[in-house]
Amino acid sequence: MSQSEAEKPSNSILPRHVAIIMDGNGRWAKGRGRPRHMGHQAGAQAAEVVIESVARRGIPVLSLFAFSSENWSRPQGEIRRLMDLFRRAMKQAVPKLHENGVRVSFLGDRSRFPEDLQVKMGEAEQLTAANSGLHLNIAAGYGGRWDILQAARGAAQEVADGRIRPEDIDEAALGRKLSLSGLPAPDLFIRTGGERRISNYFLWDLAYTELYFTDCLWPDFDADALNAALADFSERERRFGGVGREGAESLA
Ligand code: IPE
Ligand code: IPE
Ligand code: MG
């Protein structure tokens, strides 16, 4: 299939927000008799291709899970390689993203990252803050439980300061303190690498997200694979707890 054909979704129902767990780098490398970090390197290249495809399709928000709060438990050597990859992405990918009008945000607890990377994350966000193209979230040091916890702590602090009452904390108020505040919740979740789990990604925000799992290992995920996920999404009927189109018709 040609590049332009691959980028045509099968119909026009596009998600406004796609959230991806980029999993399977280690197994991709192992399958080639290479060290795990080679898989992460190939994974970073796949991410660039997917970011470009998503932007070209006009999907407004993309969130990529790059490093979870639990990934700090990996061997030091692997973490060091991953930090080096982040550094390289900051230097090479961020200027390109900026040129293409992409706005970049980092979601997660940055405090455990090396200081130079924390600074670079802030700089990338500042540089791209006014861009009006794709909004790209990189979840790094992110955990869904951490996110809910920091929101709850923020709300508790406001109560303690006498600024709000406990009964003022509703879904909207707590939602405003979460990392995805101000953005639509993910419509489509994609996990590569064959595991059927959420692994502490956006726990609050995935409440009504359509889930799509593929055995494709992340470094092999490309425009065609994205197209397959989008085509699958466009055939889902979302009911959000209601009765849907057919239910409504049968009552008429
Ligand atoms: C995902 O690939 C990348 C990160 C979690 C940083 P993995 O490293 O988890 O690859 P597998 O799951 O071991 O194959
Ligand atoms: C999820 O993958 C996190 C990222 C891809 C960044 P993991 O490989 O860490 O998830 P588990 O351990 O298989 O659940
Ligand atoms: Mg994994």
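Residues take their numbers from the sequence shown, with the count starting at 1. Basis for what follows: all heavy atoms, side chains included, without hydrogens, waters or symmetry-related copies. Whatever order the structure lists ligands and atoms in, that order sets their numbers, starting from 1. Predicted, not measured: the structure shown is a model, and the values here were computed from it.
Protein heavy atoms are absent from the space less than 4.0 angstrom from atom 12 (O) of ligand 2.
With respect to Arg81 and Asp84, no salt bridge is recorded, no charged nitrogen being found less than 4.0 Å from a carboxylate O.
For the Mg ion (ligand 3), the N/O/S atoms of Asp23 include one lying under 2.8 Å.
Nearest to atom 6 (C) of ligand 1 among the protein's heavy atoms is Ala66 O, 3.4 Å. The nearest protein atom to atom 7 (P) of ligand 1, hydrogens excluded, is given as Asp23 OD1, 3.5 Å; this is a heavy-atom distance. The nearest heavy-atom contact from the protein to atom 3 (C) of ligand 1 is Asn25 ND2, 3.6 Å. Regarding atom 10 (O) of ligand 1, its nearest protein heavy-atom neighbour is Gly26 N, 2.9 Å.
The closest approach between any non-hydrogen atom of Gly39 and ligand 1 is not below 4.0 Å. For Gly24, the closest heavy-atom approach to ligand 1 falls below 4.0 Å.
Applying the 6.0 Å contact sphere to CZ of Arg32 captures more than 12 heavy atoms from other residues, nucleotides or ligands.
The contact set between ligand 2 and Met22, taken as ligand atoms under 4.0 Å from a residue heavy atom, comprises 5 (C). Under a 4.0 Å criterion applied to the non-hydrogen atoms of Phe67, ligand 2 contributes the atoms 6 (C). Counting atoms of ligand 2 from 1 in the listed order, those under 4.0 Å from a heavy atom of Arg197 are 11 (P), 13 (O), 14 (O).
Here Arg74 has side-chain heavy atoms under 4.0 Å from ligand 1, and that is the only part of it that gets that close. Contact annotation for Lys30 and ligand 1: no heavy atom of the residue comes within less than 4.0 Å of the ligand. With a 4.0 Å cut-off on non-hydrogen atoms, Tyr201 does not touch ligand 2 at all. With a 4.0 Å heavy-atom cut-off, ligand 1 is reached by the side chain of Asn71 but not by its N, CA, C or O.
Ring pair Phe221/Trp218 is parallel by interplanar angle, where below 30° counts as parallel and above 60° as perpendicular.
Considering backbone and side-chain atoms alike, Glu195 places every N or O at 3.5 Å or more from each N or O of ligand 2.
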